[in-house]
Amino acid sequence: MPNTIERIELARVSVPFEIDGPRNGLRPGLAPWTRMEALIVRVHFRDGACGWGEAFGHFSNAGTAAILENLVAPWFIGKDGSAIATVMDQAERAFYGFGRNGPVRYALSAIDIALWDVAAQRAGLPLYRLLGGNRQEIQRYASFARYGGDTDVVAANTAKAAEAGFAMIKLHESTLPAFLAARAAAGDRARVALDVNCPWTVEEARTMARRIAAEDFEWLEEPVWPPEDYDGMARLRQEGVPIAAGENVTTLHDFKRLFEARAVDVVQPSVIKAGGITAMRKVYALAESYTVRVAPHCYFWGPGYLATAHLIAADPRSMLLETPYITLQAPAVNPAFDARSGKMTLPSVPGLGFVPDEAALARHTVWSAVVA
Ligand SMILES: [Mg+2]
């Protein structure tokens with residue numbers, strides 16, 4: 001059978017990056033974050049077709065790589081990779097006991113993206129066209145690194161991103177002076193969203209929401225600890241600041257609980273966490289039924305970045321593509337990743353269009369395996 005999956009290559013690709021700011025805020029209490037790693041899969045079919053995918057991510061990659069090598073990738077060998085809905089459903093059932101959220105699901109996400117890459121190649125269409133879209137041009141938003149509350153850096157980078165044509169910037173700060181510095185620097189040139197990464201109790205978050213309610217921020221993201229306190233977010237939402245969350249939600253039923261709780265205005269599923277393109281399409285449909293906007297999580301540079309771009313291009317409501325505002329020291333690992341421009345033209349080649357310089361990819365590979 002030509003559609004049989006024959007071999008799966010796995011690689012952890014680690015690329016040094018600059019953030020245009022102080023690094024001490026990236027991982028408080030830990031060593032500075034200086035390399036951004038992508039866990040990349042390449043799925044080969046018997047007839048020679050092959051597709052790229054990516055699993056989340058960053059500091060958890062060693063675990064997900066082991067899960068891929070020893071559990072998930074071997075299961076897919078010999079399966080019909082063209083029957084994506086069927087094979088992904090079977091895989092979810094096969095592995096459900098090992099965690100519905102976490103490395104197993106990240107691993108499944110990577111395989112699913114690679115299967116969609118091949119499906120689009122076989123259809124002779126860029127993936128966004130196969131998904132029903134027709135916009136080749138989309139807009140990016142600049143997702144800043146965490147600058148440790150440095151208001152000068154926040155203001156300077158906000159101004160620089162606005163000048164480069166980004167219609168929105170997102171902070172990863174959690175202090176009022178940083179929020180206001182970005183707001184002032186952006187003026188009416190760019191929207192400002194706030195991603196605070198779950199620091200507050202519901203009451204602390206309500207206090208902050210009251211302070212910023214008049215400042216017209218685009219959204220306040222993951223304000224509450226723990227992230228699964230959907231009822232707490234629903235109470236916070238009554239303060240009138242739009243609430244965003246969802247990058248740490250994976251199953252369809254958990255998204256349904258998030259929506260049922262009326263916890264969010266904007267949902268942020270992550271294609272490399274939640275189950276790939278197959279899962280994202282279901283979340284998009286479910287979110288529409290609750291009139292929740294979808295703004296996918298995308299703090300990565302590899303095949304998952306392109307998968308997210310295609311989903312956005314296929315969505316009739318335009319939303320911006322989250323793009324880490326960083327400089328990769330080896331941009332050839334993914335020429336489609338460009339954090340210096342607010343506009344993106346999707347690749348016109350069939351499939352995902354992930355076309356790395358393979359020598360650059362190999363040079364930055366810190367671990368690899370082949371499962372056959
Ligand atoms: Mg976030």
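Scope of the values below: all heavy atoms of this structure, side chains included, with no hydrogens, waters or symmetry mates. Whatever order the structure lists ligands and atoms in, that order sets their numbers, starting from 1. Bear in mind the structure is a predicted one, so any value in this text is a computation, not a measurement.
The aromatic rings of Phe259 and Tyr290 sit tilted relative to each other, their planes meeting at an angle between 30° and 60°. The aromatic rings of Tyr325 and Phe166 sit perpendicular, their planes meeting at an angle over 60°, well past the 30° parallel limit.
Looking at Phe95, Phe300, Phe56, Phe98 one by one, the single match for ring pair (Phe, Tyr, Trp, His ring centres under 6.0 Å) with Tyr106 turns out to be Phe56.
Remark: Asp20 engages Lys160 in a salt bridge, criterion side-chain N to carboxylate O under 4.0 Å. Using a 4.0 Å cut-off between charged nitrogen and carboxylate oxygen, Arg235 and Asp231 do not count as a salt-bridge pair.
Between Trp33 and His58, the gap from one ring centroid to the other is short of 6.0 Å.
Listed by chain and residue number, the protein N/O/S atoms under 2.8 Å of the Mg ion (ligand 1) are Asp195 OD2, Glu221 OE2, Glu247 OE1, with waters left out.
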